[in-house]
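So you know, we letter chains A, B, ... as the sequences are listed, proteins then strands, and number each from 1. All figures in this text were calculated on a predicted structure; none of them were measured in a lab.
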Amino acid sequence: MFSFNPDRSQYPATGPDGKLEVDLETGKFLKLWHGPNHPGITGNMSLEIIVNGDEVVEARTRVGYLHRGFEKLMERRTFIQVFPIVCRVCVPEPDFNEYCYAAAVEELAGIEVPEAANWIRTLILEMGRFNSYMMAMGGIGGALGMGVPGQWMTYVRDLMLDRFEELTGARIYHMFILPGGVRGHLPEGFGERMEETLQTAEKYIADLDRLMFTNAVFKKRTQGIGVIDPALFEPYGVTGPNARAGGVAKDVRKDAPYLVYDQLTFDVAVEQESDIYARARVRFRDLHATIDLIRQILRDMPKDGPVMTSLPNVLHWKIPRGETYIKGEASRGEYGYYLVTDGSGYPRRINVRGPSYTHAMALLEHLIPGTNIADIAALMVSLHTYPPEIER
Amino acid sequence: MRDLIERLTQRYSLGAPTFQRPVLTFVDLTVNEQLRAILLELRDREGFTHLTLLTAVDWLEEGRFQLTYMLNNRTANQTLALRVYLDRAVAVGETIHDIWPTAETYQRELREMFGIDFPGSPRVDDEFMLEGWTDLPPYRRDFDTLAYSQQTYRDRPGRATTDPRAHMKQKLYPQG
């Protein structure tokens, strides 16, 4: 197994607290910026790293390149005006924002959602998860210099975007799940076209398995590297596939079922090693579960019935004072919306809890010291972070 | 959950709980000094090991900030949100980064966005997402986004704006 043994002979002595005293003036350390525009960075985020030789001794996550002040914007908009904004919080998987926001508003306003709408919501969330995993698979390949998986997965994701387009009218920001239900039923023949897409996807995914997961170079560069000790999961708020790769079967879909997940059959993929390879593998296995879930939903969902309840006049819609928290299992971990209302026509406070908030900040800064500079990109992509949800 | 709240009420000053859903409870902690003790007890004895989020709500009219510490017990599938209130004029909270290291990030954000200080929290004064910000913390309710943008940015020259009603009237009925 590959192991990184840095040459520490040139190090200055450590300080009284046992930590390295990094003094850039000595010339033994070099400060580098990894990002915000770097092929190994997911989105606009940068890592300020200090290296000694090729060993990273300190890392700081710097965010703010994408800050658009969404939470503040939402406070100045009516409940229905907020709905087209929320999806923009997370670009690659926007549907969780729509679902969490809609469910939070429905709960505080006491709105019942029709059964068929819940099935369509679940379908959309799983389609979004599929897309997000496609980007994760391509990303981890790209971070290690394998360009082909990225091209394949982008192609397959594009096919799924076609399905999104015919269902919702939009490819990236769908704005289909809104308070009260969803905007419509599935179009005619959607199931058959989805099946075609899934079969194409499965072909590429099988190829990906042979190309990436059995590849000796990929294994050498990912196994035993970037290990998160399972003891760190709770202190650092690790959720989703990152926790499942370390043997903890955290999955909100199972732990606290929402929508129609209690009527669906699926297994939670768990690996034990908690390294980069295990995290990629968990996502790969979960991708199969997602494909299976999409098929189950299309088979079992009600084919007719209302998908939208009538809302009060949305221009004068006031919601009584209250607060709630709605969460769901996004492809990266627990995604949640904390909504506080004060009886007026505007939300008092909306807080978005994105999984990257904990993964890319405190956890990543904790994991990086001691790694090789060449492994940072893979380590970061393996945590599957999306910066927009850190800074909103 | 009701049992837990009853047990806690015997030793801590809790307000009336809100059972929002069977799995989600909100409760006020009325004595701020008890925060650390109750969080440690919830984490170590009651299984609330996951800090879901820590955020603030600005109740400008009441002159106070609400800090929400949302904790989750995965085994029991229960979420408990503790609400702590801070005087808006003082705005100093107690740091919990040693209980959950990830709280460091939340506290940095609260320091920058709401101006709530957490003495002792690592790098709490570092810039988080705003660079060179000198104005009022932007997530406070009294921060006026419109006034800020009008003072900070200027309108681009050359962009003519017209009142749509007058413009259409002129276009459709030029004779008046």
Side-chain angles (χ1 to χ4, degrees), chain A residues 45 60-69 71-73 75-76 107-108 232-239 243 248-252 254-258 322-327 334 336-338 340 342 347-354 357-363 365-366 387 390-392, chain B residues 18 20-26 43 47-62 66 68 70 72-79 81 83 97-106 108-109 112-114 122-123 126-131 133 138-141 143-146:
Chain A
M45 176 179 129
R60 291 273 178 259
T61 309
R62 298 281 181 213
V63 294
Y65 305 96
L66 277 168
H67 178 64
R68 289 153 289 176
E71 290 177 358
K72 185 78 177 177
L73 276 177
E75 288 175 15
R76 306 294 164 101
E107 185 179 312
L108 291 179
L232 295 180
F233 287 170
E234 293 300 292
Y236 281 91
V238 180
T239 54
V248 181
K250 270 189 184 181
D251 189 327
V252 183
K254 282 276 187 211
D255 299 339
Y258 53 99
E323 54 193 307
T324 190
Y325 176 72
I326 299 285
K327 63 180 175 179
E334 177 181 339
Y337 262 59
Y338 172 55
V340 183
D342 55 5
R348 167 61 66 150
R349 173 105 172 97
I350 294 179
N351 182 243
V352 186
R353 192 257 184 232
Y357 194 85
T358 50
H359 295 163
M361 298 294 298
L363 178 70
E365 287 177 4
H366 179 80
I390 302 174
E391 45 203 271
R392 284 101 61 202
Chain B
T18 313
Q20 182 65 27
R21 286 200 303 270
V23 294
L24 175 64
T25 308
F26 289 89
R43 185 190 74 170
F48 286 83
T49 49
H50 176 54
L51 175 71
T52 307
L53 62 86
L54 160 58
T55 191
V57 184
D58 185 0
W59 296 103
L60 179 63
E61 316 82 325
E62 300 166 16
Q66 170 192 327
T68 307
M70 196 169 286
N72 178 254
N73 178 341
R74 182 173 152 254
T75 327
N77 183 22
Q78 283 293 339
T79 301
R83 294 181 295 213
H97 73 276
D98 51 334
I99 309 180
W100 282 283
T102 191
E104 170 194 330
T105 319
Y106 291 102
R108 261 176 81 193
E109 184 182 349
E112 186 171 84
M113 291 303 186
F114 285 91
R123 300 161 59 206
D126 276 18
E127 285 170 344
F128 185 46
M129 41 185 123
L130 305 175
E131 203 172 354
W133 188 266
Y139 278 13
R140 289 193 177 204
R141 295 288 283 188
F143 175 75
D144 188 341
T145 42
L146 180 64

Worksheet item: Heavy atoms, side chains only, cut-off 4.5 Å: are B:M113 and A:E71 in contact?
Response: no

Worksheet item: What part of B:P138 is in contact with chain A, defined as an atom under 4.5 angstrom from a non-hydrogen atom: side chain, backbone, both or neither?
Response: backbone

Worksheet item: Below 4.5 Å, heavy atoms only, C-beta onward: do A:E334 and B:L53 meet side chain to side chain?
Response: no

Worksheet entry | Atom group of B:Y139 that falls short of 4.5 Å from chain A, counting heavy atoms | both

Worksheet item: For A:Y338, is it the side chain, the backbone, both or neither that has a heavy atom under 4.5 Å from a heavy atom of chain B?
Response: side chain

Worksheet entry | Non-hydrogen side-chain atoms of B:H50 and A:T239 separated by less than 4.5 Å | yes

Practice prompt. Locate the shortest heavy-atom distance separating A:R353 from B:L51; write the atom from each residue and the value.
Written response: NH2-O, 4.3 Å

Worksheet item: What's the verdict on salt bridge (charged side-chain N to carboxylate O under 4.0 Å, His left out) for A:R62 and B:E131, showing C-alpha distance, side-chain angles and the deciding distance?
Response: CA-CA 11 Å; A:R62 298 281 181 213; B:E131 203 172 354; over 6 Å; no

Item to complete: Would you check if there is a donor-acceptor pair between the side chains of A:Y325 and B:Q20 at a distance under 3.5 Å?
Response: no

Worksheet item: Would you say the side chain of B:E104 lies within less than 4.5 Å of the side chain of A:M361, judging by non-hydrogen atoms?
Response: no

Worksheet entry | Residues in side chain to side chain donor-acceptor pair (under 3.5 Å) contact with A:K72, at least two apart in sequence or another chain | none

Worksheet item: Are any of the side-chain heavy atoms of B:R83 and A:E323 separated by less than 4.5 Å?
Response: yes

Discussion item. If you define the side chain from C-beta out and look only at heavy atoms, does anything of B:T102 sit under 4.5 Å from A:L363?
Written reply: no

Practice prompt. Verify side-chain contact (heavy atoms from CB on, under 4.5 Å) between A:V248 and B:R74, making sure each step is shown before the conclusion.
Written response: CA-CA 11 Å; A:V248 181; B:R74 182 173 152 254; 3.8 Å; yes

Fill in: Atom group of B:N72 that falls short of 4.5 Å from chain A, counting heavy atoms
side chain

Worksheet item: Is it the side chain or the backbone of B:Q78 that comes within 4.5 Å of chain A heavy atoms, both, or neither?
Response: neither

Discussion item. Show the nearest heavy-atom pair for residues A:I390 and B:M129, with the distance to one decimal.
Written reply: O-CE, 4.1 Å

Discussion item. Quick check on B:A56 against chain A: is it the side chain, the backbone, both or neither that has a heavy atom closer than 4.5 Å?
Written reply: backbone

Worksheet entry | Side chain / backbone / both / neither for A:L232 at chain B, heavy atoms under 4.5 Å | neither

Discussion item. Test side-chain contact (heavy atoms from CB on, under 4.5 Å) on B:N77 and A:D255; report intermediate values, then the result.
Written reply: CA-CA 7 Å; B:N77 183 22; A:D255 299 339; 5.5 Å; no

Worksheet item: Measuring heavy-atom distances to chain A, does B:R43 have an atom under 4.5 Å in its side chain, in its backbone, in both, or in neither?
Response: neither

Discussion item. Is there a side-chain contact between A:V340 and B:W59 in this structure, where contact means two heavy atoms from C-beta onward sitting under 4.5 Å apart?
Written reply: yes

Worksheet entry | For B:Y106, all residues meeting side chain to side chain donor-acceptor pair (under 3.5 Å), sequence neighbours excluded | none

Discussion item. Shorter than 4.5 Å, heavy atoms on both sides: which option in B:E109, B:R108, B:R123 has the most such pairs with chain A?
Written reply: B:R123

Worksheet entry | A:R349 side chain to B:T55 side chain, donor-acceptor N/O pair below 3.5 angstrom | yes

Worksheet item: Given that the side chain runs from C-beta out, which part of A:A249 has a heavy atom under 4.5 Å from chain B: side chain, backbone, both or neither?
Response: both

Response to the item:
On a heavy-atom basis, the closest approach of B:P101 and A:A362 is O-CB, 4.3 Å

Worksheet item: Are any of the side-chain heavy atoms of B:T79 and A:K327 separated by less than 4.5 Å?
Response: yes

Item to complete: Can you see which heavy atom on A:R348 is nearest to which on B:V57, and at what distance?
Response: CG-CG1, 3.7 Å

